Structures are given as structure tokens and as C-alpha cells.
Asks: 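Dropping a structure here in C-alpha cells format, bear with me for questions.
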Amino acid sequence: MKLINVDDAREAARRRLPRIFFDYIDGGSFGETTLRANQADFERWRLVQKVLVNPERRDLSTTFLGVRHPLPFMLGPVGFLGLYAGKGEQKAARAAHAAGIPLCLSSFSIASLAELRRDTTGPLHFQLYILKDKAFCDELLQEAEKAGVDTLFLTVDTAITSVREKDVRNGFRSLTRVGPALVLQMLMSPRWFADIMQAGAPQVGALANKPEFGKGVLEQASNLSRSIDQTLSWRDVAWLRQRWRGRLVIKGILSADDAERAQAEGADAIVVSNHGGRQLDCASSTIAMLPEIVAAVDGKLEVLIDGGFRRGADVIKGLALGADGVLLGRAYAFGLAAGGTEGVAAMIQAIAQEIDISLALMGIASVEELKSLGRSALRAP
Ligand SMILES: Cc1cc2nc3c(=O)[nH]c(=O)nc-3n(C[C@H](O)[C@H](O)[C@H](O)COP(=O)(O)O)c2cc1C
């Protein structure tokens with residue numbers, strides 16, 4: 001099946017993956033209200049069409065996180081990529097790098113940062129959860145420094161893990177080993193299984209020297225989740241700001257007050273995020289919160305956004321409402337599960353093409369011009 005858009009990739013991923021993993025990617029918390037709102041609220045905005053201008057060539061490049069990128073989006077941190085495709089982190093990173101954009105590696109990954117650095121050459125960022133064991137946190141930061149990472153994302157919206165009901169039903173995270181029901185699901189996904197096994201039995205890369213977290217990836221994942229520090233507070237942000245000399249991005253901000261506090265604590269950027277509707281259900285969509293957060297920080301720190309971005313038009317709306325750049329989540333995770341490196345590349349290409357064509361039809365020559373037009377490039381329906 002040709003992957004023309006994210007819906008195609010989602011459907012192909014659904015067919016290819018064991019249900020437990022598809023549901024883990026696809027699902028949201030509790031009633032999934034926020035998950036739905038993240039996508040649905042893009043409908044509140046329409047793009048302004050402008051004819052007879054014909055910008056001959058469009059320039060999609062823009063600056064975010066202090067660097068000029070050829071596209072206004074990057075691949076955000078998504079856990080366990082190496083369970084959706086063999087060597088999944090490497091495959092996603094290669095597709096990102098071929099397009100000239102960074103991947104942010106999740107702490108919950110099959111490839112360790114050192115492995116991914118060894119296997120790929122483009123820009124890599126790292127996402128950290130604050131763990132109860134601060135010495136282990138420090139080891140992860142040292143690994144990031146050794147790998148030459150200059151931008152660290154601290155995720156702050158998951159100190160307490162919410163309930164994703166599909167995962168509860170499937171036993172994701174409560175399973176500590178592969179039982180008969182899971183074996184059956186795996187046997188029903190033979191292409192996925194062969195691909196994963198070729199890469200070797202998956203383990204959480206960051207736990208390679210930590211036998212106390214258990215053996216198989218399922219046991220490691222549930223123990224690692226439990227080791228996240230539930231008392232996470234602004235004090236930890238202050239500690240990290242002292243400890244980490246590179247660029248610090250706080251991911252999981254959803255209010256103007258918290259955005260101002262992040263700036264006061266010395267963050268260089270924030271990601272307006274509700275973890276893709278996987279944490280506080282009935283929280284606002286990110287696109288709805290973006291304008292007031294952008295107004296509150298008033299250019300004093302960079303504002304990135306994620307949540308529900310599936311289309312080039314969604315990215316245009318995010319940029320017009322003041323975001324410096326966009327992070328993709330499920331859009332590329334589905335691409336990876338559906339078709340490995342080519343699947344991720346197809347999603348990047350589809351979204352980039354839609355941005356390019358839409359800008360042309362809006363009479364806008366570049367992402368920079370779109371950013372300076374701001375909200376005037378949009379209309380309420
Ligand atoms: C399967 C999955 C795993 C994720 N794992 C992480 C993670 O390990 N760390 C993190 O900061 N965010 C994680 N996220 C959240 C994403 O970084 C991002 O906020 C979210 O996916 C954006 O919403 P979207 O998928 O609708 O684009 C995960 C999201 C998904 C779907």
C-alpha cells in the first residue's frame with residue numbers, strides 16, 4: 001500500500017503490528033477527550049487563500065532551537081520505537097537526517113544514545129524523565145554529553161502516569177513477560193516479528209547495565225515507569241538548569257503561567273504539549289492554548305508545539321499562531337511501523353509537500369513570511 005498520508009500509515013501500522021503495540025501508540029488516557037480535541041481543534045481555523053501572486057519558489061526553512069532547519073518540524077520523543085520496527089530508532093533517525101531535521105530520542109528507547117550516535121550522523125536531541133535515582137539521571141546526562149547532544153528535553157507532564165484504558169485491557173506495562181496471549185498476537189504479525197527478531201531480542205538501551213530493572217523489554221519498561229520521580233517539581237528544573245550546560249527545553253507546558261515560570265527558571269524553549277492526549281484527559285488541546293502562551297512569553301523563549309499534527313495545514317496553523325517549530329509524534333511512529341525508514345520518510349515528505357503547496361495557494365513564499373503574517377494568514381470558519 002502506498003503511504004500517501006498519515007491516515008494510510010496508521011491503517012498500515014494497525015495491520016502490521018500486534019494489537020498491544022498499535023493500541024499503545026494510538027491510544028489516549030481515560031475517555032480520550034483530549035486526544036480527539038488535539039486534532040479536532042485545528043478545524044477552528046481556516047487558511048486564507050490568495051491568488052495571482054504566484055511565489056515561484058517556496059522556502060520552507062526556518063529557525064528553531066537556535067538552528068536553521070530546512071523544514072519547520074522535527075521528530076519528537078516517542079518511546080519504544082525499536083518495538084514498532086527492528087532498529088526503529090535508527091530507522092527514524094535516518095529518515096529525519098535525510099530530510100535535514102533532528103530526532104529527539106526518548107529515554108524509553110531500545111537503542112541507547114551511544115548506539116544511535118554510532119549508527120547515525122545527523123542531529124540528535126535527548127529527552128529525559130527525572131528518575132527517583134538521581135545518580136542514574138546523572139549517568140544519562142553524562143551519556144548525552146558524551147554523544148554530543150546539545151539540546152535536552154525535560155518532560156514534565158508524566159510524573160504520574162495516567163491510565164490508558166486500551167493498555168490496561170491489553171496488559172501493556174503490567175505484563176512483565178511474554179505470555180501465551182501475546183505469543184498468539186506476535187504469531188499473527190509475522191512480518192513485524194521477523195523484522196524485530198532480526199534486530200535481536202529488544203531491551204531498553206539505557207538499562208543495558210542495570211540488571212535490577214529485569215530482563216525482557218516488558219519487565220524493564222514497567223520497572224522504568226515506576227522509577228519516574230512522582231515528586232517532580234520546579235526545584236528539579238532548577239537543579240537541571242544548573243547541571244546541564246546545553247539548551248534546555250521543558251516539554252509538557254499547557255498554561256501561560258507555567259510558560260512564564262519555565263522562562264524564569266532559565267529554560268531556552270518550551271514544548272506546548274499534553275503528551276498527545278495521553279496524560280490529563282479533558283485538558284485543552286495544544287492548538288487552543290498556543291495563542292495565550294505565545295502572548296505571555298512575548299518572545300522571551302522559543303515556543304514549540306506538538307499534539308495532533310497530521311497534516312501540512314496543521315503545521316501552517318501552528319506556525320501562524322506563533323509557534324517557532326512543531327514536533328511530530330504519532331505521525332512518524334505510524335510511518336515507522338508501516339514501512340521503516342521509507343515509511344517515516346514518506347510522512348515527512350507528505351507533510352512537507354502539503355505545507356509547500358498550501359503556502360503557494362495562500363500566496364506566501366516562505367515559512368518566514370508565514371510567521372511574520374501570523375494570525376492574519378488564518379480565519380475562523
Ligand atoms: C507511543 C508514544 C510514546 C511516547 N513516548 C514519549 C516519551 O517517551 N517521552 C516523551 O517526552 N513523550 C512521549 N510521547 C509524547 C510525544 O512526544 C508527543 O508529545 C505526542 O506524541 C504528540 O502528539 P501526537 O502523537 O498526536 O502528535 C509519546 C507519544 C506516543 C504516541
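As the structure is a computational prediction, the values presented were derived from the model and not from experiment. In each ligand, atom 1 is the first atom listed, and ligand 1 is the first ligand listed.
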Asks: Applying the salt bridge (Lys or Arg N to Asp or Glu O under 4.0 Å) criterion to Asp26, which one of Arg164, Arg278, Arg14, Arg10 satisfies it?
Replies: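 The passing option is Arg10.
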Asks: Could you tell me whether Phe80 and Phe21 have their ring centroids closer than 6.0 angstrom?
Replies: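 Ring centres of Phe21 and Phe80 not closer than 6.0 Å.
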Asks: Considering only protein heavy atoms, which is closest to atom 12 (N) of ligand 1, and at what distance to one decimal place?
Replies: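 Protein heavy atom at minimum distance: Lys251 NZ, 3.0 Å.
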Asks: Which heavy-atom pair separates Thr120 from Leu116 by the least distance, and what is that distance?
Replies: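 It is OG1-O, 2.7 Å.
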Asks: Indicate, as side chain, backbone, both or neither, the part of Phe334 found under 4.0 angstrom from ligand 1 when only non-hydrogen atoms are considered.
Replies: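 Answer for Phe334: neither.
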Asks: Among all protein heavy atoms in this structure, tell me which lies nearest to atom 23 (O) of ligand 1, with the distance rounded to 0.1 Å.
Replies: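 Among all protein heavy atoms, the one nearest atom 23 (O) of ligand 1 is Gly276 CA, 3.2 Å.
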Asks: Heavy-atom contacts under 4.0 Å between Thr155 and ligand 1: side chain, backbone, both, or neither?
Replies: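 Side chain only; the backbone of Thr155 stays clear of ligand 1.
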Asks: Taking atom 17 (O) of ligand 1 as the point of reference, which of Pro77, Gly76, Gly27 owns the nearest heavy atom?
Replies: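 Answer by nearest heavy atom: Pro77.
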Asks: Is any side-chain heavy atom of Asp195 closer than 4.5 Å to a side-chain heavy atom of Arg16?
Replies: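 Side-chain contact under 4.5 Å: yes.
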Asks: Atom CZ of residue position Phe136 - does it have more than 12 heavy atoms of other residues, nucleotides or ligands inside 6.0 Å?
Replies: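 Yes, because the 6.0 Å sphere around CZ of Phe136 holds more than 12 heavy atoms from other groups.
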Asks: Taking it one step at a time, do Arg310 and Gln39 satisfy side chain to side chain contact (heavy atoms under 4.5 Å, CB included)?
Replies: CA-CA 8 Å; Arg310 304 286 182 271; Gln39 276 189 261; 3.5 Å; yes
Asks: Does ligand 1 have a heavy atom under 4.0 Å from the side chain of Arg330, from its backbone, from both, or from neither?
Replies: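 Within the 4.0 Å criterion, Arg330 contacts ligand 1 through backbone and side-chain atoms alike.
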Asks: Measure Tyr129 to ligand 1 on non-hydrogen atoms and call it side chain, backbone, both or neither using the 4.0 Å cut-off.
Replies: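 Just the side chain.
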Asks: For a quick check under 3.5 Å, do Asp59 and Ser61 share a side-chain donor-acceptor pair by atom type?
Replies: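 There is such a pair (donor and acceptor under 3.5 Å, judged by atom type) between the side chains of Asp59 and Ser61.
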Asks: Is it true that atom CZ of Arg68 has more than 12 heavy atoms of other residues, nucleotides or ligands lying nearer than 6.0 Å?
Replies: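 Yes, CZ of Arg68 has more than 12 neighbouring heavy atoms, counting only those of other groups under 6.0 Å.
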Asks: How about Asp306 and Ser273: does a side-chain donor come under 3.5 Å of a side-chain acceptor?
Replies: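 Yes, Ser273 and Asp306 have a side-chain donor paired with an acceptor closer than 3.5 Å.
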Asks: Do any nitrogen or oxygen atoms of Gly308 lie less than 3.5 angstrom from nitrogen or oxygen atoms of ligand 1?
Replies: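 Yes, at least one N or O pair falls under 3.5 Å.
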Asks: How far is atom 18 (C) of ligand 1 from its nearest protein heavy atom, and which residue and atom name does that atom have?
Replies: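 Residue, atom and distance for the closest contact: Asp306 OD2, 3.1 Å.
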Asks: Considering the heavy atoms of Tyr84, write down every atom of ligand 1 situated less than 4.0 Å from one of them.
Replies: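 Going through ligand 1 atom by atom, the ones under 4.0 Å from Tyr84 are 1 (C).
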Asks: List every atom of ligand 1 that sits less than 4.0 Å from any heavy atom of Ile25, numbering the atoms from 1 in the order shown and giving each element.
Replies: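 Those qualifying, in numeric order: 1 (C), 31 (C).
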Asks: So, for Phe64 and Phe73, is the gap between ring centers shorter than 6.0 Å?
Replies: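 Judged by ring-centre distance (under 6.0 Å), Phe64 and Phe73 do not meet the cut-off.
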Asks: Run the side chain to side chain contact (heavy atoms under 4.5 Å, CB included) check on Tyr84 and Val78 step by step: do they pass?
Replies: CA-CA 11 Å; Tyr84 318 144; Val78 169; 4.2 Å; yes
Asks: Ligand 1 versus Arg310, non-hydrogen atoms closer than 4.0 Å: side chain, backbone, both, neither?
Replies: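 Side chain only.
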Asks: In ligand 1, which numbered atoms sit nearer than 4.0 Å to a non-hydrogen atom of Gln127?
Replies: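 Contacts of ligand 1 toward Gln127, numbered from 1: 7 (C), 8 (O), 9 (N), 10 (C), 11 (O).
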Asks: To the nearest 0.1 Å, how far is atom 8 (O) of ligand 1 from its closest protein heavy atom, and which atom is that?
Replies: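 Of the protein heavy atoms, Ser106 OG, 2.7 Å lies nearest.
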Asks: Is there a heavy atom of Asn38 sitting under 4.0 angstrom from any atom of ligand 1?
Replies: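 In this structure, Asn38 fails to qualify as a contact of ligand 1 - no heavy atom is under 4.0 Å.
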Asks: Would Ser273 count as a contact of ligand 1 if the rule is a heavy atom under 4.0 Å away?
Replies: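 Yes, Ser273 has a heavy atom closer than 4.0 Å to ligand 1.
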Asks: Side chains of residues 152-160: which donor-acceptor partners sit under 3.5 Å, not counting sequence neighbours?
Replies:
residue: Thr155; atom: OG1; partner: Gln127; partner atom: NE2; Å: 3.1
residue: Asp157; atom: OD1; partner: His275; partner atom: ND1; Å: 2.9
residue: Asp157; atom: OD2; partner: His275; partner atom: N; Å: 3.4

Asks: Name the closest protein heavy atom to atom 5 (N) of ligand 1, giving the residue it belongs to and the distance to 0.1 Å.
Replies: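 Result: Gly79 N, 2.9 Å.
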Asks: With a cutoff of 4.0 Å, is Gly307 in contact with ligand 1, counting heavy atoms of the residue only?
Replies: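 Under 4.0 Å: yes for Gly307.
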Asks: Considering non-hydrogen atoms of the protein only, which is the closest contact for atom 21 (O) of ligand 1, and what is the distance?
Replies: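 Its nearest protein heavy-atom neighbour is Gly329 CA, 3.7 Å.
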Asks: Has ligand 1 got any nitrogen or oxygen that is less than 3.5 angstrom from a nitrogen or oxygen of Leu327?
Replies: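 Among all N and O atoms of Leu327, none is under 3.5 Å from an N or O of ligand 1.
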Asks: The test is salt bridge (charged side-chain N to carboxylate O under 4.0 Å, His left out); show your working for Arg261 and Glu265 and say whether it passes.
Replies: CA-CA 6 Å; Arg261 179 76 191 259; Glu265 297 289 349; 2.9 Å; yes
Asks: To the nearest 0.1 Å, how far is atom 1 (C) of ligand 1 from its closest protein heavy atom, and which atom is that?
Replies: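 For atom 1 (C) of ligand 1, the nearest protein heavy atom is Arg278 NH2, 3.4 Å.
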